[in-house]
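Here's the structure, in structure tokens; my notes come after.
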Amino acid sequence: GENVEQHPSTLSVQEGDSAVIKCTYSDSASNYFPWYKQELGKRPQLIIDIRSNVGEKKDQRIAVTLNKTAKHFSLHITETQPEDSAVYFCAGSSNTGNQFYFGTGTSLTVIP
Amino acid sequence: GAGVSQTPSNKVTEKGKYVELRCDPISGHTALYWYRQSLGQGPEFLIYFQGTGAADDSGLPNDRFFAVRPEGSVSTLKIQRTERGDSAVYLCASSPGTNTEAFFGQGTRLTVV
């Protein structure tokens, strides 16, 4: 099955700086890659996603890039704010679309 | 309801007991997923339903775990002879189809003592 690896496990940035989280995947047939944000004690919530026919997608301060050849995708958060502090999970869908394989998460802390 | 609802929110049970965890998906969502999340880890896939049938149960750790979705809406995850290692947050998610956004519930925190 798919194997998704995520780096770094923890990340601290100053407010206003950018944050980048990187993920790699193993199954070249995977075609959907969502990113979830999970605040302490709360449910994961989708913040952005990308499909394999697109190389980049942007939504205000958040962007995701996908390199299908290298099998990696990245989350970019610009102008970080304290409320961006949370755990972020990347995921890849199996080639059957039956399940998502999640990375181990990145704990982001934005220092005011 | 507006979102995925899971009950109970917390469950403490003794080792060896049987538990049922309930998930009410978003109305009209045909896809339903169960995941398990341990502290500091990403969600781990357990089982996927498309309608009433379990289309993929490859993530169930052993035969103590079972899930049903008899009418294609509400799902119940059943754990027999619970063990301390089963302690985790059990997350349910639903989606209007495959390879599209999955909406998660708040989870059930299961503690086996």
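Contact check on A/E5 versus A/K22 returns no salt bridge, with no Lys/Arg side-chain nitrogen under 4.0 Å from an Asp/Glu carboxylate oxygen.
Taking chain A as the reference chain and counting heavy-atom pairs below 4.5 Å, the highest number among B/G59, B/A102, B/G40 is found for B/A102.
B/R109 contributes no side-chain N or O that, together with a main-chain N or O of B/N10, makes up a donor-acceptor pair within less than 3.5 Å. For B/K78 (side chain) and B/F66 (main-chain N/O), no donor-acceptor pair under 3.5 Å exists by modelled atom type. Judged purely by atom type and a 3.5 angstrom limit, B/T52 has no side-chain atom pairing as donor or acceptor with the backbone of B/R69. Remark: side-chain polar atoms of A/D84 are paired, donor with acceptor, to backbone N or O of A/Q81 under 3.5 angstrom. Listed for the A/T80 side chain is a donor-acceptor partner under 3.5 Å among the backbone atoms of A/D17.
With hydrogens and angles left out, the side-chain atoms of A/Q6 and A/T106 include a donor and acceptor closer than 3.5 Å.
Of the two parts of B/F49, neither the backbone nor the side chain holds a non-hydrogen atom closer than 4.5 Å to a non-hydrogen atom of chain A. Contacts between B/S95 and chain A at a heavy-atom distance below 4.5 Å are absent for every atom of the residue. Looking at B/A93, there are no atoms closer than 4.5 Å to chain A (heavy atoms on both sides), in backbone or side chain. Residue B/Q37 touches chain A through its side chain alone, counting heavy-atom pairs closer than 4.5 Å.
The shortest side-chain heavy-atom distance between B/S58 and A/Q99 falls under the 4.5 Å cut-off.
Interface with chain B: from residues 35-51 of chain A, residues A/Y36, A/Q38, A/G41, A/K42, A/R43, A/P44, A/L46, A/R51 qualify, criterion being any non-hydrogen pair under 4.5 Å.
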